[in-house]
Amino acid sequence: QVQLVESGGGLVQAGGSLRLSCAASGRTFSSFAMGWFRQAPGKVREFVAAISWSGSSTYFADSVKGPFTISSDNANNTVYLQMNSLKPEDTGVYYCAKQRASGTYFTLTSYDYWGQGTQVTVSS
């Protein structure tokens, strides 16, 4: 079993920054890729970013490419999502997830463990 706990969400003005953290416990994720997804009110959950288990490869949705970065600290079982230049359309609940042994980085079904989510609200 893997438990994932997100933190770092909050209310920020447009143009501001937030750093989300995802702490994993239980079975470590050092052999699996990790991803971040978000869900805005009334919308489907969408892919934001992912990082390979080694940390050498990162992937981003086109909408966040550039302002967002993803990193991992395997020694502390934590994944981070640094979000800069935030826009109101970045508002939503952000979830981290552990990828299964195989699958594409951007599809929900490729992930088998999910955190409870952390709210990010960007005001205009």
Side-chain angles (χ1 to χ4, degrees):
Q1 281 282 41
V2 174
Q3 294 80 43
L4 303 174
V5 179
E6 302 95 336
S7 61
L11 173 64
V12 64
Q13 289 188 331
S17 298
L18 285 173
R19 188 176 82 155
L20 306 183
S21 301
C22 173
S25 61
R27 185 179 179 185
T28 62
F29 62 81
S30 60
S31 298
F32 302 96
M34 296 292 293
W36 284 96
F37 289 75
R38 67 186 180 189
Q39 188 165 15
K43 296 188 176 181
V44 298
R45 193 171 299 187
E46 64 176 4
F47 170 74
V48 176
I51 187 166
S52 63
W53 69 269
S54 67
S56 61
S57 297
T58 57
Y59 309 85
F60 297 93
D62 288 342
S63 59
V64 304
K65 200 173 294 183
F68 287 21
T69 58
I70 186 171
S71 60
S72 62
D73 180 353
N74 285 355
N76 292 304
N77 293 334
T78 303
V79 177
Y80 302 98
L81 183 69
Q82 177 68 44
M83 306 185 296
N84 298 325
S85 303
L86 284 163
K87 305 173 184 177
E89 50 263 44
D90 293 318
T91 293
V93 179
Y94 283 68
Y95 301 89
C96 72
K98 183 193 81 61
Q99 195 187 26
R100 301 176 190 272
S102 63
T104 57
Y105 288 104
F106 48 85
T107 56
L108 276 72
T109 54
S110 296
Y111 296 81
D112 53 1
Y113 289 95
W114 294 81
Q116 83 290 347
T118 185
Q119 177 71 46
V120 171
T121 304
V122 184
S123 63
S124 57

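What you see is a predicted model; the values in this text were computed from it and never measured. Positions are given from 1 along the sequence.
If you take OG on Ser21 and CD on Gln82, they are separated by 9.5 Å, rounding to the nearest 0.5 Å. Separating the NZ atom in Lys98 from the SG atom in Cys22 is a distance of 11.5 Å, to the nearest 0.5 Å. Between the OG1 atom of Thr104 and the CD atom of Gln99 there is a distance of 7.5 Å, given to the nearest 0.5 Å. Atoms CD and OG, from Gln13 and Ser124 in turn, are 9.5 Å apart once rounded to the nearest 0.5 Å. Between the OH atom of Tyr111 and the CZ atom of Arg45 there is a distance of 12.5 Å, given to the nearest 0.5 Å. Separating the CD1 atom in Ile70 from the OG atom in Ser57 is a distance of 11.5 Å, to the nearest 0.5 Å.
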Requested in this report: Show your working on side-chain hydrogen bond (donor to acceptor under 3.5 Å, both in side chains) between Gln3 and Ser25 and close with a plain yes or no.
Outcome: CA-CA 5 Å; Gln3 294 80 43; Ser25 61; 3.2 Å; yes
Report task. Might you work through the side-chain contact (heavy atoms from CB on, under 4.5 Å) test for Glu6 and Leu20, ending with a clear yes or no? Result -> CA-CA 7 Å; Glu6 302 95 336; Leu20 306 183; over 6 Å; no
Query raised in the report: Which is it for Arg100 and Ser110 under the side-chain contact (heavy atoms from CB on, under 4.5 Å) test, yes or no, and what are the steps along the way?
Result: CA-CA 6 Å; Arg100 301 176 190 272; Ser110 296; 5.6 Å; no
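A distance-only check finds no donor-acceptor pair linking the side chain of Ser56 to the backbone of Ser54 [under 3.5 Å].
The nearest pair of heavy atoms linking Ser123 to Leu11 is CB-CD1, 4.3 Å. For the residue pair Leu81 and Ala49, the shortest heavy atom distance occurs at CD1-CB, 4.0 Å. The two residues Leu18 and Gly8 make their nearest non-hydrogen contact at CD2-O, 3.8 Å.
There is no path of hydrophobic side-chain contacts, each under 4.5 Å, that joins Val79 to Phe47. Under a hydrophobic-cluster definition in which Ile, Leu, Val, Met, Phe, Trp and Tyr are linked whenever side-chain heavy atoms come within less than 4.5 Å, directly or via other members, Trp53 and Phe37 are assigned to different clusters. Both Trp114 and Val93 belong to a single network of hydrophobic side chains, linked directly or stepwise wherever heavy atoms of I, L, V, M, F, W or Y lie under 4.5 Å apart.
Two residues are said to be in side-chain contact when any heavy atoms from C-beta on lie closer than 4.5 Å; Met83 and Val120 meet this criterion. In this structure, Ile51 and Ser72 have side chains that are in contact, with non-hydrogen atoms separated by less than 4.5 Å. Put simply, the side chain of Leu4 reaches to within 4.5 Å of the side chain of Met34, judged on heavy atoms. Taking the side chain as every heavy atom from C-beta outward, Arg38 and Thr91 never approach each other to under 4.5 Å.
Take Lys65 and apply the side chain to side chain donor-acceptor pair (under 3.5 Å) test, not counting sequence neighbours, and it matches Asp62.
Sequence neighbours left out, the pairs with a member in residues 56-105 that pass ring pair (Phe, Tyr, Trp, His ring centres under 6.0 Å) are Tyr59-Tyr105.
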